[in-house]
Every structure is written in structure tokens, then in C-alpha cells.
Amino acid sequence: MRLARPDRPPVALRGVTLIELVVSLVVLAILTALVVYFIYPVRQAVDVAMRAELTDIADHALQRISREVRLALPNSVRVTASGGAQFLEFLPVVTAGRYRAEGGGVSGGTDCPDTGAGQPASDQLTFGIADTCFKSLGPLLNGAAITTNDFVVVNNYGAGFADQDAYLDTTSNRRRIQATAVEAGPDRQRLVIAAGTFDAGLHDSPGKRFYVVTGNGATLLPVTYECTAGGILLRRSGYPRTQAQPTSFSSGVAQRLASRITACAFEYSASVVAPQVGLLTLRLTLSAPRSDGGSESVSLYQSVHVVNVP
């Protein structure tokens with residue numbers, strides 16, 4: 001006889017108790033609070049820091065360009081575009097001053113050769129004859145930085161003016177500096193320049209101003225700011241002057257000022273009403289990825305009034 005197996009008691013089915021439900025809700029609320037009050041602010045702080053960094057980069061670049069352009073040789077600013085890149089070029093000035101166009105009192109110091117144009121010959125920058133020496137009126141700011149590689153430029157009117165455009169190969173309104181010295185009683189500076197004739201009808205500056213422009217002894221050395229098609233802002237220097245504005249460079253030094261540039265625009269126009277004032281507008285847009293996977297962009301605009309009084 002086989003023993004009967006006792007039946008197992010039925011398993012009771014349980015649901016979620018009220019206490020378990022309350023605990024689950026509390027844990028979920030705590031996790032939500034952690035996300036809302038801790039993770040989101042951290043992400044927001046990261047995004048704000050990234051936007052501030054983009055703004056600082058763009059502002060620094062625009063301020064650097066503006067500062068240099070304001071000190072450029074009058075009527076030397078020019079812009080162009082090529083292959084998706086933007087180019088801004090100008091001739092940097094080492095220093096500037098005023099010259100005496102007529103005879104005056106004795107200035108002291110070393111006399112320049114007498115050109116026969118009046119007394120004292122050492123004071124004047126004479127036009128119409130081969131003058132090779134003159135003295136400034138008053139001290140020159142940053143005069144110690146002048147070298148024998150630099151050039152004196154007088155009455156530069158820019159494009160469209162024969163013999164008065166410093167970029168032209170045939171212009172006669174520039175002379176290479178061959179020697180410079182501060183005269184006794186530091187109120188004048190004597191500059192010896194390469195032989196040549198300044199035509200008084202073309203080159204005598206209305207304000208009797210002269211500018212010393214950076215050179216390499218053979219030619220002037222411009223500066224170019226280039227926004228490349230790859231989103232990089234470069235400052236190029238040390239390359240030789242050319243009549244046409246260059247868009248490719250085989251020499252010189254390139255310095256990176258900014259990256260992550262997604263849009264760039266350089267525009268320059270001379271005033272029709274006041275031709276001795278130009279307006280340069282600069283626009284830079286920088287972008288970077290956000291913490292949520294999107295993209296953040298910052299755009300800055302700068303306008304620069306360029307004084308073109310030769």
C-alpha cells in the first residue's frame with residue numbers, strides 16, 4: 001500500500017504594500033531632486049563658463065585688431081576675401097611726427113648736408129630736390145624703436161593716387177631710413193633717409209606729418225589678419241609688401257589668435273562725406289558643443305573709426 005503525499009498549501013500572492021510604495025516614491029523623489037538641484041546646475045555652470053570663454057576669446061581678438069588698425073599708416077587699410085577666407089591688411093606704424101617745411105632757428109646737434117633750400121638746412125624736409133636728412137619737430141614717441149630697416153612715408157593717400165600709395169612698386173612717397181639719432185636736448189630727432197626727390201606738388205603733407213613704417217630694408221612689411229576657411233584667426237607679419245593684397249603667404253610669421261570660428265566678416269569703407277575717416281567693421285562668431293550635446297554660438301561685432309589724415 002502506497003502512502004498518500006500530502007498536498008502543499010497554496011502560496012499566497014502578495015501585492016505592494018503601502019509602506020513599500022511610499023518608500024519607492026520617496027527614493028524616486030530624492031533621485032529627481034539630485035538631478036534637478038545638483039546635476040542640472042553643474043551642467044548649466046559648465047555651459048556658462050564655456051560661453052564666457054568664447055566671448056573672452058572673441059573680444060580679445062577684436063580688441064587686438066582694433067588697437068593695431070587705429071595705429072596703422074593712414075589710407076593703408078584694405079580687405080578682401082578668397083576661398084572662404086577673410087583678409088584684413090594694413091601697414092603698421094613705428095612712430096610718427098611733424099617736420100619743418102620752412103627755415104627756422106638754429107636747432108643744435110649735427111647738421112644735415114645743406115640742400116640750399118633755406119636755413120638752417122638741418123631742420124627741413126625739403127621737397128622738389130634730393131633731400132636726405134631732416135629733423136622732427138619735438139620728440140618722437142617710441143623713437144628709439146626706429147631701425148635702418150624702416151621707412152619714412154609722407155602724405156599717403158592710398159589706392160588710386162599715383163606716387164602716393166605706399167603699396168605701389170613705383171611710388172615715390174617713401175624713403176628708407178639710413179640713420180637716426182636723438183639730438184641734444186631731447187626735443188628733436190634727426191633722420192637720415194635714402195636719396196630721392198619728394199615732389200612738393202604730390203607729397204608735401206598738409207599737416208607736415210611723416211610716418212615711420214616697419215620694413216626689412218628692402219620693402220615695407222604689412223600685417224594681415226586672416227580668418228581661414230578652417231575657423232582659425234591668424235595674425236601674419238614679416239612678409240613683403242605687394243601691390244595687390246595677398247591671399248596666400250610663402251614667408252613671414254603666423255600667430256594664432258583664435259579658433260572655433262564659424263563665421264567671420266571684415267568690411268572697410270572710406271567715408272564719402274569725410275574722406276579722411278574710414279570705418280572698419282569686424283564680426284566674429286565662435287561655437288562650441290554644449291553639455292547636452294547641442295551647440296552654443298557667441299557673436300561679437302566691433303566698429304573701428306580709422307583716421308586717414310596723411
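Everything numeric here is computed off the predicted structure, so don't read it as measured data.
- The shortest non-hydrogen separation linking Leu233 to Ala61 is CD2-CB, 3.6 Å.
- In this structure, the side chains of Val277 and Val307 stay at 4.5 Å or more apart for every pair of heavy atoms.
- Leu286 is not listed as a side-chain neighbour of Thr262, based on a closest heavy-atom distance of 4.5 Å or more.
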Exercise. Test Val192 against Thr180 for side-chain contact (heavy atoms from CB on, under 4.5 Å), laying out the working first.
Key: CA-CA 6 Å; Val192 179; Thr180 178; over 6 Å; no
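- Among pairs with a residue in residues 195-206, those fulfilling side chain to side chain donor-acceptor pair (under 3.5 Å) read Tyr99-Asp204, Ser172-His203, Asp204-Lys208, at least two apart in sequence or across chains.
- Evaluation of the salt bridge (charged side-chain N to carboxylate O under 4.0 Å, His left out) rule for Arg51 yields Glu296 as partners, not counting sequence neighbours.
- Interatomic distance, CG of Leu141 versus OG1 of Thr95, reported as 5.5 Å (0.5 Å rounding).
- Atom CZ of Arg209 is separated from atom OG of Ser136 by 15.0 Å, given to the nearest 0.5 angstrom.
- For Ser303 against Leu279, the heavy-atom pair with the smallest separation is CB-CD1, 4.1 Å.
- Annotation: the span from Thr214 atom OG1 to Ile146 atom CD1 amounts to 10.5 Å, rounded to 0.5 Å.
- Proximity of Thr228 to Leu234: side-chain heavy atoms (C-beta onward) are separated by under 4.5 Å at one or more points.
- Residues forming a salt bridge (charged side-chain N to carboxylate O under 4.0 Å, His left out) with Arg64 (at least two apart in sequence, or on another chain): Glu68.
- In this model, no donor atom of one side chain and acceptor atom of the other lie less than 3.5 Å apart for Gln302 and Thr281.
- Under a hydrophobic clustering in which Ile, Leu, Val, Met, Phe, Trp and Tyr are joined whenever their side-chain heavy atoms come within less than 4.5 Å, directly or via other members, Leu220 and Val94 fall into different clusters.
- Among residue pairs with one or both ends in residues 81-93, those qualifying as side chain to side chain donor-acceptor pair (under 3.5 Å) are Arg78-Glu89, Glu89-Tyr239; sequence neighbours excluded.
- Across Tyr157 and Pro206, no two heavy atoms sit closer than the pair OH-CG, 4.2 Å.
- Judged purely by atom type and a 3.5 angstrom limit, Asn308 has no side-chain atom pairing as donor or acceptor with the backbone of Gln276.
- Clustering ILVMFWY residues whenever any of their side-chain heavy atoms sit less than 4.5 angstrom apart, transitively, puts Val298 in the very cluster that holds Ile65.
- No single ILVMFWY cluster, assembled from side-chain heavy atoms under 4.5 Å apart, contains both Leu73 and Leu280.
- Side-chain atoms of Ile129 and Thr126, non-hydrogen and from C-beta on, do get closer than 4.5 Å to each other.
- Listed for the Arg236 side chain is no donor-acceptor partner under 3.5 Å among the backbone atoms of Glu226.
- Inspection of the Ser287 and Ser295 side chains reveals no N or O donor paired with an N or O acceptor under 3.5 Å.
- Judged by the 6.0 Å distance and 45° axis criteria, Arg190 is not positioned over the aromatic ring of Phe134.
- For the pairing with Leu88, the side chain to side chain contact (heavy atoms under 4.5 Å, CB included) check across Val77, Val223, Thr80 returns one residue only, Val77.
- For the pair Phe266 and Leu282, the minimum side-chain heavy-atom distance is below 4.5 Å.
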Practice problem: Just do the salt bridge (Lys or Arg N to Asp or Glu O under 4.0 Å) check on Arg241 and Asp169 with the steps written out, would you? | Solution: CA-CA 9 Å; Arg241 167 206 56 82; Asp169 293 335; 2.9 Å; yes
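- In terms of the side-chain hydrogen bond (donor to acceptor under 3.5 Å, both in side chains) criterion, residue partners of Glu267 (sequence neighbours excluded) are, by chain and number, Arg283.
- Put simply, the side chain of Arg174 gets close to the backbone of Ala166: a donor and an acceptor are under 3.5 Å apart.
- The neighbour count for Ile19 CD1, taken as heavy atoms of other residues, nucleotides or ligands under 6.0 Å away, does not exceed 12.
- In this structure, OG1 on Thr170 lies 5.5 Å from CG on Leu168, to the nearest 0.5 angstrom.
- The heavy-atom pair separating Ala162 from Leu202 by the smallest distance is O-CD1, 4.3 Å.
- When all heavy atoms are compared, the tightest approach of Asn156 to Pro74 is ND2-O, 2.9 Å.
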Self-check item: Test side-chain contact (heavy atoms from CB on, under 4.5 Å) applied to Asp163 and Phe161, step by step
Solution: CA-CA 6 Å; Asp163 290 331; Phe161 292 86; over 6 Å; no
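- Cluster membership check: Leu62 shares its hydrophobic cluster with Phe90, using side-chain heavy-atom separations under 4.5 Å among Ile, Leu, Val, Met, Phe, Trp and Tyr.
- Side chain of Asp150 to backbone of Thr147: a donor-acceptor contact under 3.5 angstrom is found.
- A pairwise comparison of heavy atoms in Leu221 and Pro92 identifies O-CD, 3.5 Å as the closest pair.
- The distance between the ring centers of Phe151 and Tyr211 does not fall below 6.0 angstrom.
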Quiz item: For Thr148 and Gln178, what are the C-alpha separation, side-chain angles and deciding distance, and is it a side-chain contact (heavy atoms from CB on, under 4.5 Å)?
Solution: CA-CA 5 Å; Thr148 55; Gln178 295 184 322; 5.7 Å; no
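- Atom CZ of Arg176 sits about 11.5 Å away from atom CD1 of Ile193, to the nearest 0.5 Å.
- Annotation: the span from Leu300 atom CG to Ile57 atom CD1 amounts to 11.5 Å, rounded to 0.5 Å.
- Here Glu53 pairs with Arg260 in a salt bridge; the nearest charged N to carboxylate O distance falls below 4.0 Å.
- In this view, Ser299 and Thr285 satisfy the side-chain hydrogen bond (donor to acceptor under 3.5 Å, both in side chains) rule, not counting sequence neighbours.
- Side-chain heavy atoms closer than 4.5 Å link hydrophobic residues (I, L, V, M, F, W, Y) into clusters, and following such links, possibly through other members, connects Leu191 to Phe198.
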